[in-house]
Amino acid sequence: YQDALVSARVPADRVRALDALARYHDFRGQQQKALEYFEQSRELNKTVDNPMAVAFKQLGELALYVRAGKADLAQQTLPRLKAQMQPPFNEFVAMGEMQMQIELEHADEAEAALTRLEQAINKMGIQALNSAAVFGRGRIAELRGQCQQAITAYEEKQKLDPADATIHVAMGRCYRKLGQLPQSIEHL
């Protein structure tokens, strides 16, 4: 990823490399480093993408702020993003709020945001966000100790987004909580 960043010829390629570096460090538990790369990507992305796309991208990364110990900054960002997004797309702020509340382990608040997100998806017919909603449903069930329901949601998420290998971490965690260690090991 560092080589891709160095060899990038155009800003859009630099954004992709910075995003990959952010995901890499986030997956490794290095949230501060991931946040640094994400913020670099966001600033550069402002020069190559429209403001709505930049806002959507930032919504998707609010949970990273929480994981990096900056929950206050994430909460302050929500109203600003909602103001930036034109109606009816501002209803999708619920996605960022849901992810943030999940990271804070506030199941009830996350579920309220999930309900608003699902209503927005159904109202506008934007099925591309179903994957995030289904994953949110799984994480909320997991937070409530309902691991079998969480696994069902995670399996649905896997069908919607088969390229997302990280879903196996969530499934493995749930199987471990259920005491089904062979299944847990298989997924992890």
Side chains of [X] and [Y], heavy atoms from C-beta outward: is any pair under 4.5 Å?
{"X": "Arg139", "Y": "Tyr154", "answer": "yes"}
{"X": "Lys33", "Y": "Arg28", "answer": "no"}
{"X": "Met171", "Y": "Glu186", "answer": "no"}
{"X": "Arg14", "Y": "Val48", "answer": "no"}
{"X": "Lys57", "Y": "Val15", "answer": "yes"}
{"X": "Asp164", "Y": "Gln158", "answer": "no"}
{"X": "Lys177", "Y": "Glu142", "answer": "yes"}
{"X": "Leu188", "Y": "His168", "answer": "no"}

Atom [atom1] in [X], atom [atom2] in [Y]: separation rounded to 0.5 Å?
{"X": "Leu64", "Y": "His25", "atom1": "CG", "atom2": "NE2", "value": "12.0 Å"}
{"X": "Phe56", "Y": "Leu129", "atom1": "CZ", "atom2": "CG", "value": "6.5 Å"}
{"X": "Glu118", "Y": "Glu111", "atom1": "CD", "atom2": "CD", "value": "9.0 Å"}
{"X": "Thr47", "Y": "Asn45", "atom1": "OG1", "atom2": "CG", "value": "7.5 Å"}
{"X": "His106", "Y": "Ile140", "atom1": "NE2", "atom2": "CD1", "value": "13.0 Å"}
{"X": "Glu155", "Y": "Ile167", "atom1": "CD", "atom2": "CD1", "value": "9.5 Å"}

Identify the heavy atoms of [X] and [Y] that sit nearest to each other, and give their distance.
{"X": "Leu114", "Y": "Gly136", "answer": "CD2-C, 4.4 Å"}
{"X": "Ala110", "Y": "Ile102", "answer": "CB-CG1, 3.7 Å"}
{"X": "Ala132", "Y": "Met98", "answer": "O-CE, 3.5 Å"}
{"X": "Ala63", "Y": "Gln99", "answer": "CB-O, 3.8 Å"}
{"X": "Ala113", "Y": "Ala94", "answer": "O-CB, 3.4 Å"}
{"X": "Leu143", "Y": "Glu105", "answer": "CD2-CG, 3.7 Å"}

> Does any N or O in the side chain of Thr77 come within less than 3.5 Å of the main-chain N or O of Leu73, such that one atom is a donor and the other an acceptor?
Replying inline: yes
>> Is it the case that the side chain of Gln32 and the backbone of Ala68 share a donor-acceptor pair, with hydrogens and angles ignored and the cut-off at 3.5 Å?
In response: yes
> When Ile, Leu, Val, Met, Phe, Trp and Tyr are grouped by side-chain heavy atoms lying under 4.5 Å apart, directly or through other members, which residues fall in the same group as Leu160?
Replying inline: Val134
Hey, are [X] and [Y] close enough for a salt bridge, meaning a charged N less than 4.0 Å from a carboxylate O?
{"X": "Arg16", "Y": "Asp19", "result": "no"}
{"X": "Glu43", "Y": "Lys46", "result": "yes"}
{"X": "Asp108", "Y": "Arg144", "result": "yes"}

> After noting the C-alpha distance and the side-chain angles of Met124 and Phe92, does the key distance pass the side-chain contact (heavy atoms from CB on, under 4.5 Å) rule?
Replying inline: CA-CA 10 Å; Met124 290 182 257; Phe92 289 112; 3.4 Å; yes
> Which is it for Arg42 and Glu61 under the salt bridge (Lys or Arg N to Asp or Glu O under 4.0 Å) test, yes or no, and what are the steps along the way?
Replying inline: CA-CA 10 Å; Arg42 184 186 66 223; Glu61 298 297 335; over 6 Å; no
>> Show, in sequence, the C-alpha distance, side-chain angles and deciding distance for Gln149 and Thr152, and conclude whether the side-chain contact (heavy atoms from CB on, under 4.5 Å) test is met.
In response: CA-CA 5 Å; Gln149 287 178 339; Thr152 301; 5.6 Å; no
So if you build clusters from Ile, Leu, Val, Met, Phe, Trp, Tyr with side-chain heavy-atom gaps below 4.5 Å, do [X] and [Y] land together?
{"X": "Leu35", "Y": "Leu81", "value": "yes"}
{"X": "Phe27", "Y": "Leu21", "value": "no"}
{"X": "Phe38", "Y": "Leu44", "value": "no"}
{"X": "Leu59", "Y": "Val66", "value": "yes"}
{"X": "Met85", "Y": "Val54", "value": "no"}

>> Assess the residue pair Glu97 and Arg116 against the criterion (side-chain contact (heavy atoms from CB on, under 4.5 Å)); give the C-alpha distance rounded to whole Å, side-chain angles, the decisive distance to 0.1 Å, and a yes or no.
In response: CA-CA 10 Å; Glu97 184 179 352; Arg116 291 192 309 277; 2.5 Å; yes
> Do Tyr65 and Gln58 pass the side-chain contact (heavy atoms from CB on, under 4.5 Å) test, and can you show the C-alpha distance, the side-chain angles, and the key distance before you say yes or no?
Replying inline: CA-CA 10 Å; Tyr65 283 94; Gln58 192 170 8; 3.9 Å; yes
